[in-house]
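Have a look at the structure below before the remarks.
Residue numbers start from 1 in every chain, and the chains themselves are labelled A, B, ... in the order their sequence lines are given, proteins ahead of strands. For the numbers below, each heavy atom of this structure counts, side chains included, while hydrogens, waters and symmetry mates do not.
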Protein chains: 2
Amino acid sequence: MARKVIRKAVAKTPDIRTVAALAKVSIATVSRTINGSPAVSDRLSKRVWQAIEQLNYFPNTHARSLVSGRSRLLGIIVENITNPFFPELIQSFEEVAVAHGYEILVSSSNSDPAILTTCVRRMLERKVEGVAVLTFGEEEPVLDKLAHHDVPIVLAEFKLDDPKASTILLDYTTGIHAAVQHLQDLGHRLIAFLAGPHTLHSAITRENDFRAAMQDAALPIQKKFVVECDHTLKGGVAGFSQLWSLPTRPTAVLCSNDMTAIGVLRAAYHESLRVPQDLSVVGLDDIDFAEFTLPPLTTIRLSRTDLARAAFEALRQQAEEPANPKLQREFLVSTSLVVRGSTAAPAVNGR
Amino acid sequence: MARKVIRKAVAKTPDIRTVAALAKVSIATVSRTINGSPAVSDRLSKRVWQAIEQLNYFPNTHARSLVSGRSRLLGIIVENITNPFFPELIQSFEEVAVAHGYEILVSSSNSDPAILTTCVRRMLERKVEGVAVLTFGEEEPVLDKLAHHDVPIVLAEFKLDDPKASTILLDYTTGIHAAVQHLQDLGHRLIAFLAGPHTLHSAITRENDFRAAMQDAALPIQKKFVVECDHTLKGGVAGFSQLWSLPTRPTAVLCSNDMTAIGVLRAAYHESLRVPQDLSVVGLDDIDFAEFTLPPLTTIRLSRTDLARAAFEALRQQAEEPANPKLQREFLVSTSLVVRGSTAAPAVNGR
DNA sequence: ATGAAAGCGCTAACAC
DNA sequence: GTGTTAGCGCTTTCAT
């Protein structure tokens, strides 16, 4: 009794009962109205919405999730939010998720399996309906845990043998072939490749595609022309100096990602090399910034929007139509070459 | 009955009852154990943890939030996640929040009041315990709504007259004075300022601090030397060309943020100007990338870590000790000059 | 120290 | 069409 009095005294945030009382209907009707059930008469529906408006009411998500078993929460784990590629990805993912009435939980794994584990756990605790692991294939062992918990999961470039898992395949081949072709057309023969860390599936795929493209172009690959970097700007600087210490130097460098290419641009500048006259540089990703480097970076575009949409769609399907027999389990995102200012014909003495 | 059979058949995710049954205790004891209540005997506690382990159980956050009224969720709204300043800020905020057992909801307002409104609403629905609005003072009207809902809120550079609101003040003065001093020491007298959009509190504060610093240095400000940009790289390019079309040109430019400064660097390059010999450039923020521009950018550092920590602490205090009479309502984050390669003495003919 | 039971705000099955 | 009611999984009195 005393409790009730207090409840009246303190203006609590309105709940479904408050609305029902004001609209003079049952709480079931309020619930139905909110959820757009067709079985509510216009007359009552109007009264309910009016009450909702008047009270500035909105439903408690936790209560909803508890009873419905659906949280409308999706998790997205990226490798490092500080890498410009990822914020753009997150933004696209958020946009499409919110448009479909989902909320997202974001985490960076920072390539640390321990962190990934706690990320996953936190997301599981929040009862996410799906997790997009866009770390590009680094931390496989942990992923089994996710699958075990029966949560839909989508991975970039890595197939998990689990009915709840789907995969986004990146078609690097097209873009990388186009890039090598482009360089060959310009007259380059000495083309180097600054690879990503071999702990990453994507890095290995990219490197393999480079080798294949060179072979298709009948261009030899000098052994020392493929060097493993770490997908950071500093890594690009280091990779460049390794290349430059070689007796024969390449006239063009294809990089496993844009940050590496930007590192090369920077290192080349310090060596007083002119890009593209003395060295052609090609990146991969086409981060927003690529347009603004000096010179603007020729690069292989990997659309963050396409990737994010595919990831969301994979999760949505699993969450909303788990019984659908023709659930799409694989998604393909393509790449394409964007020619800007960092590539040109090699200088004659470069031959 | 039929229901129960199904329940047994399908291996449901374990709940508190499952644990209690396995440990042969009541659900209350399980709850107490999980929450570290001292009133549980070692003997039972051990049994409970064992069961938890064995079942790989973890509590349902929604149920917990529903009954306890605490979601352990914090919201952070930034202006644009694509601006490198913000991911760094988000990362720091996430780190400290997670370390304290909170989860975060991230949103970008993209300077659009309508988007901000829905962000706020979504966060309110999720029952966040506090919101950090780090948009730097753009969308005031909407903020009242937040305050109205009795949710703790922390703002950057904007005071809201509400008991639940606190403010983070940025001490630009120190950094900007140091920068002007630095330029004066190098011999500059013709110093321009590329301001941020006047819709931003922070932009106005920065501009005012610049004017004050110039006055203190007894340096005149040419009227046309202060131009309003928009805190983007493109804005910096545009600002530079406006400056360069002037009859007398500045020998140094101080920019309201790093992206603007990077735009100036780029525009200067296109004019075949050498930085810093022909033009000194100073940024503000010290984003990660500032270290890697060509040349490395001299800039005024605004620590994202400090800012994030202050924001979290403000929210935590409001959420956990709302009754504390000496709750801190204002936080100060300082700035400092970082000298790199984009500043030098002006060329003699520049005099 | 432990357990029984009430109830957080909501949805959905069932009754009318 | 609309209302009544039983829980969703948990925390928290209140007994014992």
If I take atom [atom1] in residue [X] and atom [atom2] in nucleotide [N], what distance separates them, rounded to the nearest angstrom?
X	N	atom1	atom2	value
R64(B)	dT11(D)	CZ	C1'	9 Å
K127(B)	dG9(C)	NZ	P	9 Å
H62(A)	dT11(C)	NE2	P	14 Å
R17(B)	dA5(C)	CZ	C1'	12 Å
R32(A)	dT5(D)	CZ	P	14 Å
I27(B)	dT12(D)	CD1	P	13 Å
I16(B)	dG9(D)	CD1	P	11 Å
R70(A)	dG9(C)	CZ	P	23 Å

* Would you say a side-chain N or O of N35(A) is under 4.0 Å from OP1 or OP2 of dT11(C)? -> yes
* Asked: Between S31(B) and dT12(D), is there a side-chain N or O to OP1/OP2 distance below 4.0 Å?
  -> no
* R122(B)/E125(B) salt bridge by N-O under 4.0 Å criterion -> no
Nearest to the side chain of [X], heavy atoms from C-beta on, is which of [options]?
X	options	answer
A28(A)	dC10(C), dG3(D), dG3(C)	dG3(D)
A63(B)	dT11(D), dG9(D), dG3(C)	dG9(D)
S68(B)	dG1(D), dG3(C), dT11(D)	dT11(D)
N60(A)	dC10(D), dC10(C), dG3(D)	dC10(C)

* Please confirm whether any donor atom in the side chain of R43(A) sits under 3.5 Å from an acceptor in the base of dG1(D), or the reverse. => no
* Structure fact -> Heavy-atom nearest nucleotide on DNA chain C taken for L44(B) and for V67(B); more 5' hit belongs to L44(B)
* Can you tell me if CG on D42(B) sees more than 12 non-hydrogen neighbours from other groups inside 6.0 Å? -> no
* Asked: If we ignore angles and hydrogens, is there a donor and acceptor under 3.5 Å between the side chains of S108(B) and E94(A)?
  -> no
* Asked: Less than 4.5 Å apart, any side-chain heavy atom of Q317(B) and any of K326(B)?
  -> no
* Pick out which of R72(A), R316(A), R70(A), K164(A) makes a salt bridge (charged side-chain N to carboxylate O under 4.0 Å, His left out) with E129(A). => R70(A)
* Looking for any heavy atom pair under 4.0 Å, which part of the strands does V40(A) touch: base, sugar-phosphate only, or nothing? -> sugar-phosphate
